[in-house]
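The block underneath contains the structure these notes are about, expressed in structure tokens.
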Protein chains: 2
Amino acid sequence: MSNSNDGNAAKASRLTRADILAAALQLLDEVGLPDLSMRRLAAKLDMQPSGLYWHFENKQTLFARISDHIVDHIQPDRANATDWQTRTLNAACALRDSLLAFRDGAEVVSSTLALGLGAGAALDRIRLPLDEAGIAQPEAKVAAESILFLVLGQVWHLQQRMAADSLGVASPMAQANVAEAHAEPKPDALISGVKLILGGLEKEIRA
Amino acid sequence: MSNSNDGNAAKASRLTRADILAAALQLLDEVGLPDLSMRRLAAKLDMQPSGLYWHFENKQTLFARISDHIVDHIQPDRANATDWQTRTLNAACALRDSLLAFRDGAEVVSSTLALGLGAGAALDRIRLPLDEAGIAQPEAKVAAESILFLVLGQVWHLQQRMAADSLGVASPMAQANVAEAHAEPKPDALISGVKLILGGLEKEIRA
DNA sequence: ACCTGAACACCGTTCAAGT
DNA sequence: ACCTGAACACCGTTCAAGT
């Protein structure tokens, strides 16, 4: 009633950072990362592109906040497993699900992770079970980073192929892989890689 | 003598695909991936941007050829180790060295890998020792992909931080990490992650 | 065959000026 | 405090036309 929201923008009142972020996330879902420009975002909000720069220093920091939102979306582990192996595996799956829940989510998080801006929370989530199990610092760090890169790489790869597929421009080989990925949800593809790392870690801490 | 090459461009004769690729690689080294545009490349070659499109269909395919060049740069394994573990580890290190030899090499290869264009050779190089050791298809595939993502992620992360560092714009935390990376060449950081995967694989094939 | 010239439809960002 | 308007310095790509 008080705040009627016509399809695209809330015109009446002034905008807050959260409004812009919400619009950005919606636009990301609609057009994908390559077409998520400051100008399109401004148009969606019925404002001038320059207006965005009062709320965010630049495009990069806006994207860092989007990345934070994706990472904060990671579900807590309800399974309450006792062993650190399955707890870590669950954390990896939860991260994967969060990335998959947003179009081009893996690339968004990867970019800001590399700049050291956000996304450290993702690493912490994977490290938590390892630290709580009392695994030594260097081993836990290496294992957690490896799992993070593995999940990001796998999901990023998958999402890029999905994007290429939706445009109809992809090599036959890639097409087949996407078809295969669609045919079976196959969470195994990711899980088995993480299991290798966990197996290696288990072996190492016994030595 | 016959072909005097002034610093920037070979003006006299017409250009071949190889000339353009060489210039692109040089420009990549000079300005980095974000500033490697078709227009700058054309300027370096003393030609119009549109002229590039006679040689390459678009920017993406040109970048795929750059990626091929980086991946083809992977050195063969001279160590002649007998066990598949160290042979795979050597392949991973050789890939890492190739990526590091080119500015933003990891991101270039990652991009084209995702599109299914090139970079499959990198995966094959890692898979070779596993296949030759007679490791079953699904396990070898998962392990090789995991190692590939691990190396790409680690080097990409490092190179992004190097880029941010050279611009002087980076969070203090990221700065510290780059400083740390510069202080010790530390090939261990990569190697130990791969070792975890190999340890897990070794364990699995014995079961 | 190989490339120019001009155009089209875009970008991110800055900054004075408005309200 | 929050945003507009106009400008600056760029993009990738197409396509007729030149040589």
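Chain identifiers are assigned alphabetically (A, B, ...) following the order of the sequence lines, protein sequences preceding nucleic acid strands; residue numbering begins at 1 within each chain. Just so it is clear, the structure is predicted and the values come from calculations on it, not from any experiment.
Within a 6.0 Å radius of NE2 in B:H69, no more than 12 heavy atoms belonging to other residues, nucleotides or ligands are found.
In this structure, of D:dT13, C:dC15, C:dC2, it is C:dC2 that holds the atom nearest to the side chain of B:R14. Listed candidates were C:dC2, D:dA1, C:dT13. Nearest to the side chain of A:W54 is D:dA1. Here D:dG12 is the nucleotide among C:dA6, D:dG12, C:dT14 with the atom lying nearest to any side-chain atom of B:K59. Relative to the side chain of B:L15, the nucleotides C:dC3, D:dT4, D:dT14 differ in distance, and C:dC3 lies closest.
A distance-only check finds no donor-acceptor pair linking the side chain of B:R96 to the backbone of B:V151 [under 3.5 Å]. Remark: the backbone N or O of A:H55 is paired with a side-chain donor or acceptor of A:R17 at under 3.5 angstrom. Side-chain atoms of B:Q159 come within 3.5 Å of backbone N or O of B:F102 as a donor-acceptor pair. Counting only distance, with no hydrogens or angles, the side chain of B:N58 and the backbone of B:T61 share a donor-acceptor pair below 3.5 Å.
With rounding to whole Å, B:N58 atom CG is found 15 Å from D:dC11 atom C1'. When rounded to the nearest whole Å, the span between CZ of A:F56 and C1' of D:dC2 equals 14 Å. For B:M38 and C:dT4, the CE to P distance is 13 Å, given to the nearest whole Å. One can place CD of A:Q48 at 13 Å from P of D:dA7, the figure rounded to the nearest angstrom. Across the protein-nucleic acid pair, A:M47 atom CE and D:dC2 atom C1' stand 8 Å apart, rounded to whole Å. A straight line from CG of B:L52 to P of D:dG12 spans 10 Å, rounded to a whole angstrom. For the pair B:L41 CG and D:dG12 P, the interatomic distance rounds to 10 Å; values are reported in whole Å. Distance A:L36 CG to C:dC11 P: 10 Å, rounded to the nearest Å.
The residue A:R17 sits apart from the nucleic acid: no heavy atom pair falls under 4.0 Å.
Shown here, D:dA1 forms a base pair with C:dT19; the pair counts as Watson-Crick or G-U wobble because both key distances fall under 3.5 Å. Nucleotide D:dC10 is matched to nothing when pairs are restricted to Watson-Crick or G-U wobble geometry with both distances under 3.5 angstrom.
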- Task: Just do the salt bridge (charged side-chain N to carboxylate O under 4.0 Å, His left out) check on A:E132 and A:R87 with the steps written out, would you?
- Result: CA-CA 10 Å; A:E132 287 185 356; A:R87 288 190 62 203; 2.9 Å; yes
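Distances shown here put a side-chain N or O of B:H55 below 4.0 Å from the OP1 or OP2 atom of C:dC3.
The nearest heavy atom of DNA chain C to A:D35 and to A:E57 marks one nucleotide each, and the one closer to the 5' end goes with A:D35. Sequence order on DNA chain C of the closest nucleotides to A:Y53 and B:P49 puts B:P49 first from the 5' end.
Side-chain atoms of B:S37 stay outside donor-acceptor range of the base of D:dG12, with no qualifying N/O pair under 3.5 Å.
Between the C1' atoms of C:dC8 and D:dC10, the separation comes to 15 Å (whole Å). C:dC2 and D:dA16 are spaced 15 Å apart, taking the C1' atom of each and rounding to whole Å.
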